[in-house]
Number of protein chains: 2
Amino acid sequence: MTQPARRRDAAATRAAILASARKAFARAGYDGVGVREIAAGAGVTAMLVNRYFGSKEQLFAEVAADTVRDAVILSPENLAAADFPAALARSLVEVTTPGATPLDGFQMMLRSSGSPKAVELGRDLIRQGHQAALVGRLEGPHAAERAGIFLALVAGLQAMRQTLELPSLAEADPDTLAGLLEPLIRVLIDGPACPPSPPR
Amino acid sequence: MTQPARRRDAAATRAAILASARKAFARAGYDGVGVREIAAGAGVTAMLVNRYFGSKEQLFAEVAADTVRDAVILSPENLAAADFPAALARSLVEVTTPGATPLDGFQMMLRSSGSPKAVELGRDLIRQGHQAALVGRLEGPHAAERAGIFLALVAGLQAMRQTLELPSLAEADPDTLAGLLEPLIRVLIDGPACPPSPPR
DNA sequence: GCGTCATTTCTACACCTGTAGACATCGCTC
DNA sequence: GAGCGATGTCTACAGGTGTAGAAATGACGC
C-alpha cells in the first residue's frame with residue numbers, strides 16, 4: 001500500500017502524518033477518527049504520531065492552522081480582484097464543490113464541532129485568519145458583521161454541499177449557483193445598491 | 001437529584017429520555033454524548049434507553065425528526081407573512097441567537113456531522129421538511145437552488161453564532177444583523193430586482 | 001392478598017480510545 | 001567496521017463505548 005521508499009526520514013514522516021491527519025479530520029472530524037487510523041494512513045504506528053506531535057489535540061491544532069494558511073477563498077488574488085463579489089462567488093462555488101476538497105478547513109471544523117477544544121481552536125483561527133482579511137477589504141459600516149455573514153455563507157454552503165450533500169445544492173450547476181450567489185455577495189459587500197439610489 | 005415523583009410511567013419516562021437526548025445531542029453531537037449520560041439526564045439507567053428506542057442510533061433518528069417538526073423559521077406564520085423576506089430575516093436572527101436554543105435541529109446536525117448515519121438522516125429530514133416547504137413558497141427559476149442557499153445561510157449562521165461563537169456575529173446587535181440580512185434574503189427570494197429589469 | 005406482567009436495574013462483555021514506557025532497528029560519523 | 005543517536009515498533013494500561021441477558025422491583029386486576 002504505502003510505498004516503503006521512505007525508510008527513515010523524520011521530515012517526510014512528519015509531513016505524511018500531517019497529510020493523513022488532514023484528510024482524516026476533514027472526512028470524519030476530530031472525534032470521528034482515531035490516532036491509529038491516522039497513523040495507518042501515513043504508514044506508521046500510532047505511537048509515532050504522539051512522538052511527533054505530542055498528542056492528538058496538538059496534531060489537530062497544527063492541521064487546523066495549516067488549513068487556514070492554505071485557504072483559497074480570501075486569497076490575495078481574490079482580495080485584489082477588480083470585481084470582488086464576482087470573484088468571491090466563483091471561488092465560493094469552486095471551493096464548496098462536493099467532489100473536490102480544496103478547502104477542507106471549514107468542513108473539518110464543522111465536523112469537529114462536537115469537541116469543545118476543536119471549536120475553541122477553530123474560532124480563534126477563523127477570526128485571526130479569514131475574518132481579519134475580509135474586514136480589511138470591506139468599506140462602510142458594520143464591516144465585522146458583514147464579514148461574519150459572508151463566512152457564515154461559506155460555512156453553510158460547505159455544510160450543505162459537501163457535508164450534508166443536500167441534492168439541490170450538491171448537484172446544482174456551478175454556473176447557476178455562482179449566478180445566484182453573486183448578487184447576494186454584491187449586496188453584502190457593496191450594500192443594497194439599488195433601492196435608495198441607482199448608482200452610476 | 002431527579003425528582004422520584006414518576007416511579008413507573010412508560011410514557012413519561014420515554015418523554016424524559018427524548019428531552020434529555022435532545023438537549024445532549026444539540027450540545028455535543030451524536031458522537032459527543034454517551035447513552036449513559038443521556039440516561040442520567042432523564043434519571044434512568046442506560047439500558048432503559050435501548051429498551052425504549054432499540055439503539056442509540058434509533059433514538060437519534062427520533063430526536064432529529066422531532067426537531068424538524070418543531071422548526072420555527074419556516075413556520076406557517078412566516079410562510080404566510082406579507083413581507084416574507086423581512087419575516088425570515090427576523091426569525092433567522094432570533095433563532096440563531098447564541099443564548100436561546102429554539103432551533104436545535106441544525107446545530108444538532110452540524111455537531112453530529114462526523115457520523116455518516118446522522119448525516120444521512122439529516123439530509124433526508126431537511127430535504128423533506130424544510131426545503132420542500134420553502135420551495136413551495138418560491139417563484140421564479142432555480143427555486144430549489146435558492147431554497148438551498150437560504151438553508152445554507154441558516155446553517156452557516158447557526159454554526160458561526162451558536163456553535164463556533166464567532167464574536168462578530170455572536171455578539172452583534174440583533175437589529176443590525178437583521179438589517180444586514182434582510183436585503184440578502186430579499187435578493188434570494190425576489191431576485192435581483194434592480195439590474196436587469198424591474199419585475200411586476 | 002396474591003399472581004402477573006410491565007417497568008427498571010444490575011452485571012457483564014467485547015471493542016475501541018489515547019497514551020506511556022520499554023524495546024528494536026536503521027543510518028550516519030568517526 | 002563500531003558506536004551512537006535518531007527513528008520507529010511492540011506491549012500494555014486504564015478508561016470509556018454501545019449493547020445483551022438475567023434479575024429485581026413496582027403496580028394493577030382478581
Side-chain angles (χ1 to χ4, degrees), chain A residues 1-22 24-25 27-64 111-112 114-118 121, chain B residues 1-22 24-25 27-64 111-112 114-118 121:
Chain A
M1 291 303 167
T2 58
Q3 59 257 14
R6 150 181 61 82
R7 292 293 303 240
R8 257 172 151 75
D9 185 340
T13 302
R14 212 186 124 92
I17 294 176
L18 266 177
S20 169
R22 181 162 173 166
F25 281 142
R27 177 172 44 78
Y30 183 78
D31 287 322
V33 66
V35 187
R36 287 167 177 81
E37 187 180 344
I38 295 174
V44 295
T45 322
M47 260 317 291
L48 208 62
V49 174
N50 270 16
R51 212 165 182 67
Y52 272 93
F53 296 92
S55 69
K56 183 189 180 186
E57 189 184 324
Q58 292 176 48
L59 168 62
F60 182 82
E62 197 145 332
V63 171
R111 286 210 150 117
S112 303
S115 307
K117 308 203 170 161
L121 204 81
Chain B
M1 291 304 167
T2 57
Q3 59 258 12
R6 150 182 60 84
R7 292 292 300 237
R8 258 172 149 77
D9 185 339
T13 302
R14 211 187 125 93
I17 294 176
L18 266 177
S20 169
R22 180 161 175 167
F25 280 142
R27 177 172 44 80
Y30 182 80
D31 287 322
V33 66
V35 188
R36 288 167 177 80
E37 187 180 344
I38 294 175
V44 295
T45 320
M47 260 316 292
L48 209 61
V49 173
N50 268 16
R51 214 157 187 68
Y52 271 96
F53 296 92
S55 69
K56 183 189 179 184
E57 188 184 322
Q58 294 176 46
L59 169 63
F60 182 82
E62 197 145 332
V63 171
R111 286 211 149 117
S112 304
S115 307
K117 309 209 169 155
L121 205 81

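Lettering follows sequence order; numbering is per chain, from 1.
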Between the protein and nucleotides 15-19 of chain C, list every N/O to N/O distance that falls short of 3.5 Å.
| unit_1 | atom_1 | unit_2 | atom_2 | d |
| --- | --- | --- | --- | --- |
| C:dG18 | OP1 | A:K56 | NZ | 2.6 |
| C:dG18 | OP2 | A:V35 | N | 2.7 |
| C:dG18 | N7 | A:R36 | NH1 | 2.8 |
| C:dG18 | O6 | A:R36 | NH2 | 2.9 |
| C:dT19 | OP2 | A:N50 | OD1 | 3.4 |
| C:dT19 | OP2 | A:N50 | ND2 | 3.4 |
| C:dT19 | OP2 | A:K56 | N | 3.0 |
| C:dT19 | O5' | A:N50 | ND2 | 3.4 |
| C:dT19 | O4 | A:R36 | NH2 | 3.2 |

Kindly say if B:Y52 contacts the phosphate of C:dT7, meaning a side-chain N or O under 4.0 Å from OP1 or OP2. no

OP1 or OP2 of C:dT8 sitting under 4.0 Å from any side-chain N/O of B:T13? yes

Could you give the [atom1]-to-[atom2] distance, from [X] to [N], as a whole number of Å?
X	N	atom1	atom2	value
B:I17	D:dG18	CD1	P	14 Å
B:D9	C:dT8	CG	P	8 Å
B:L48	D:dA20	CG	P	14 Å
B:I38	D:dT17	CD1	P	11 Å
B:R51	C:dC5	CZ	C1'	13 Å

With B:R27 via side chain to side chain contact (heavy atoms under 4.5 Å, CB included) - residues at least two apart: B:A24, B:E37

Contacts of type side chain to side chain contact (heavy atoms under 4.5 Å, CB included), residue A:R51, not counting sequence neighbours: A:L48

Any side-chain heavy atom of B:L59 within less than 4.5 Å of one from B:V35? no

Minimum side-chain heavy-atom gap A:L18-A:F53 below 4.5 Å: yes

Parallel, tilted or perpendicular: rings of B:F25 and B:Y30 (30°, 60°): parallel

Identify the heavy atoms of B:S20 and B:I38 that sit nearest to each other, and give their distance. OG-O, 2.8 Å

